[in-house]
Protein chains: 2
Amino acid sequence: MAADPMYRQIADDLRRQIEEGELAPGQQLRTELELREKYSASRNTVRDAIKWLITRGLVESRPGQGTFVFEKISPFVTTLTGNPRTSSSGEGTIYSQEVTAQLRTPSDTLPQVEIKQANSPETAELQLPGGASVVSRHQKRFIDGTPWSLQTSFYPMSLVQTGALRLIQAENIDEGTVEYLKESVGIKQVGYRDMITVRAPDNTEATFFKLPDDGRVSVIETRRTAYDDKGVPVRLTVSVYPADRNQLAVKVGEVPDPAEADDAMTAAAADDADAERSG
Amino acid sequence: MAADPMYRQIADDLRRQIEEGELAPGQQLRTELELREKYSASRNTVRDAIKWLITRGLVESRPGQGTFVFEKISPFVTTLTGNPRTSSSGEGTIYSQEVTAQLRTPSDTLPQVEIKQANSPETAELQLPGGASVVSRHQKRFIDGTPWSLQTSFYPMSLVQTGALRLIQAENIDEGTVEYLKESVGIKQVGYRDMITVRAPDNTEATFFKLPDDGRVSVIETRRTAYDDKGVPVRLTVSVYPADRNQLAVKVGEVPDPAEADDAMTAAAADDADAERSG
DNA sequence: GGGTATTTGTCCGTATGTATT
DNA sequence: AAATACATACGGACAAATACC
């Protein structure tokens with residue numbers, strides 16, 4: 001026979017109540033002592049059941065207040081596919097246009113600029129020789145005031161030495177770094193590759209995103225390596241998004257605009273238009 | 001002052017040992033009773049520390065054996081961007097070529113075909129009127145014998161009625177369904193959109209993927225909506241990947257082949273250009 | 001600001017069950 | 001069958017966070 005352990009039975013009963021709507025999002029569960037009586041179990045067993053629900057993101061408990069059914073966050077969609085010659089997945093007006101298009105308000109910190117050695121695995125995609133330096137530009141992004149993503153772009157230091165001086169200034173490059181690199185050092189970005197992984201947040205990320213410190217919410221990491229027309233990597237942008245409030249989108253070929261489904265406008269045309277407006 | 005609680009200090013010490021390599025992947029930790037003595041804590045407190053590590057995926061414990069440092073699975077990379085007119089993210093030879101290119105062995109079940117009503121939110125992307133029917137083709141995929149992804153494609157039933165009869169047969173369409181739809185009913189796929197979300201696995205998924213039932217490992221869900229040259233959605237493919245053994249790749253514009261890089265991260269990103277040419 | 005009641009968080013000891021070797 | 005190691009469950013005590021008066 002071997003029925004499920006008691007803490008699982010309690011957890012399953014509570015989960016059923018949540019999924020069937022008997023317990024609405026945001027609503028407070030009965031206290032541990034009340035549940036202890038209801039299920040004729042010890043408080044520790046009730047706590048085991050609640051822990052099981054917490055791990056699955058169904059409830060959260062707040063010391064001194066109680067345990068509450070989790071409220072879901074309305075996700076924000078980031079489109080990974082853009083115009084290969086302009087998309088910088090980062091600074092500039094394109095990003096903020098995508099945010100406002102979803103009726104949300106973006107804000108971000110000024111870039112934090114550092115110069116590092118390139119020998120760490122962190123910048124392996126840039127294929128730089130050992131001992132070379134990289135410029136790192138780091139930004140924190142918010143949407144509607146809540147922390148939404150962390151982003152760091154790495155550029156070979158050689159770009160600065162050949163004229164892209166604004167890369168080492170701690171201010172936004174409004175026209176986008178892709179456009180700036182073309183103007184200043186004549187480097188044309190012709191494509192990029194994104195590698196998407198899902199992993200547990202590190203300490204910095206958990207703190208910034210205010211993630212529950214039980215590692216339940218994972219983060220999505222995208223590593224964008226951009227190439228010039230000679231196939232040389234010119235930029236690596238690492239973005240980290242908490243998985244509980246983000247979605248990614250990829251568009252390939254001609255895709256109708258979801259807003260106006262009958263419209264024949266192609267995705268590629270839309271991207272070009274955006275890029276021009278921003279440049 | 002208020003130092004961290006003891007179970008966190010113990011967990012942090014163990015985590016440090018793991019991250020610094022003092023405890024190698026696969027290696028057994030000291031038993032709970034030994035740790036109890038080492039840290040002068042009760043066994044329950046040691047267990048709280050271990051639970052904290054388990055939730056974060058650092059260790060796993062096996063009844064009767066012990067607690068072990070978690071061994072990471074070598075990830076498989078799926079490329080989302082392909083030729084807009086052929087990529088089916090699914091059946092046919094393209095997928096299996098991408099797998100073998102990474103020196104892995106693919107296998108999958110025959111498609112399980114069902115006919116359903118289209119009114120569920122499951123198929124909202126197909127924009128079908130209420131009461132319309134859809135064909136659902138479901139497959140389980142394995143790589144090197146371990147469960148790797150679950151995939152379901154939905155097609156409007158009208159495609160079958162106008163001649164795409166093989167859609168309702170429980171056998172693979174080797175040339176790919178995109179090619180088959182072109183031959184049989186003259187529908188040309190010109191593009192697609194992928195929506196990528198990360199979420200907790202449901203029960204079916206947790207069982208199939210043999211995920212730890214603590215909800216720690218999340219799954220990546222991609223919903224691919226494909227359109228014909230009139231902007232009408234012709235297919236919806238929902239794929240579910242366990243996040244602990246999968247990466248996604250997106251390529252835009254011209255991207256050089258990832259040369260035999262010295263780094264494992266890029267080494268797995270096998271080229272799919274060849275696959276497309278052959279498809 | 002202080003004090004008190006409520007609620008969850010941490011920690012202990014103990015007993016018994018279950019899985020593995 | 002016996003030993004080992006983790007899993008579940010109980011009860012108790014005190015600490016810490018929060019809300020309310």
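From a predicted model like this one, the values you see are computed outputs, not experimental measurements. Naming: A, B, ... by sequence-line order, numbering from 1 per chain.
- Qualifying side-chain hydrogen bond (donor to acceptor under 3.5 Å, both in side chains) partners for A:Gln65, counting only residues two or more places apart in sequence or in other chains: none.
- The base of C:dG9 is paired with the side chain of A:Arg43 by a donor and an acceptor separated by under 3.5 Å.
- Between B:Arg47 and D:dA7, a side-chain N or O to OP1/OP2 separation shorter than 4.0 Å is present.
- The nearest whole Å value for the distance from the CE atom in A:Met6 to the C1' atom in C:dA15 is 14 Å.
- Between A:Leu53 atom CG and C:dT8 atom C1' the separation is 15 Å, expressed in whole Å.
- Every side-chain contact (heavy atoms from CB on, under 4.5 Å) that B:Ser61 has, sequence neighbours left out, goes to B:Ile54, B:Thr67.
- Legend: salt bridge (Lys or Arg N to Asp or Glu O under 4.0 Å) pairs involving residues 61-79 of chain A, not counting sequence neighbours, sorted by first then second residue: A:Glu60-A:Arg62.
- The interatomic distance linking B:Ile50 (CD1) with C:dC11 (P) rounds to 14 Å, in whole Å.
- Close to D:dA9, at under 4.0 Å from its OP1 or OP2, lies no side-chain N or O of A:Thr45.
- In terms of phosphate contacts, A:Ser61 brings a side-chain nitrogen or oxygen within less than 4.0 Å of OP1 or OP2 of C:dG9.
- For D:dA1, there is no paired nucleotide, since no Watson-Crick or G-U wobble pair has both relevant distances below 3.5 Å.
- A straight line from CG of A:Leu35 to P of C:dT6 spans 17 Å, rounded to a whole angstrom.
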Mind listing the N/O atom pairs, protein and nucleotides 18-21 of chain D, below 3.5 Å?
unit_1	atom_1	unit_2	atom_2	d
D:dA19	OP1	A:Gln65	NE2	3.3

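- Between A:Thr67 and C:dT7 there is no side-chain N or O to OP1 or OP2 distance below 4.0 Å.
- Taking for each of B:Glu32 and A:Asn44 the nucleotide of DNA chain D with the nearest heavy atom, the 5'-most of the two is the partner of B:Glu32.
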May I have the list of side-chain donor-acceptor pairs in residues 17-26 of chain A shorter than 3.5 Å, sequence neighbours left out?
unit_1	atom_1	unit_2	atom_2	d
A:Gln17	NE2	A:Asp13	OD2	3.2
A:Glu20	OE1	A:Arg16	NH1	3.2
A:Glu22	OE2	A:Arg16	NH1	3.0

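- In this structure, the salt bridge (Lys or Arg N to Asp or Glu O under 4.0 Å) partners of B:Asp12, at least two apart in sequence or on a different chain, are B:Arg8, B:Arg15.
- Place A:Tyr7 and B:Leu29 on DNA chain D by their nearest nucleotides, and B:Leu29 ends up nearer the 5' end.
- Ring to ring, B:Phe142 and B:Phe208 are close: their centroids are under 6.0 angstrom apart.
- Rounded to an integer number of Å, the gap from A:Phe68 CZ to D:dA17 C1' is 12 Å.
- One can place CD of A:Glu34 at 14 Å from C1' of C:dA5, the figure rounded to the nearest angstrom.
- Within the cation-pi definition used here (under 6.0 Å to the ring centroid, within 45° of the axis), A:Arg47 does not qualify as a partner of A:Trp52.
- Between B:Asp48 atom CG and C:dG13 atom C1' the separation is 14 Å, expressed in whole Å.
- At whole-Å resolution of the value, CZ in A:Arg36 and C1' in C:dT6 are 16 Å apart.
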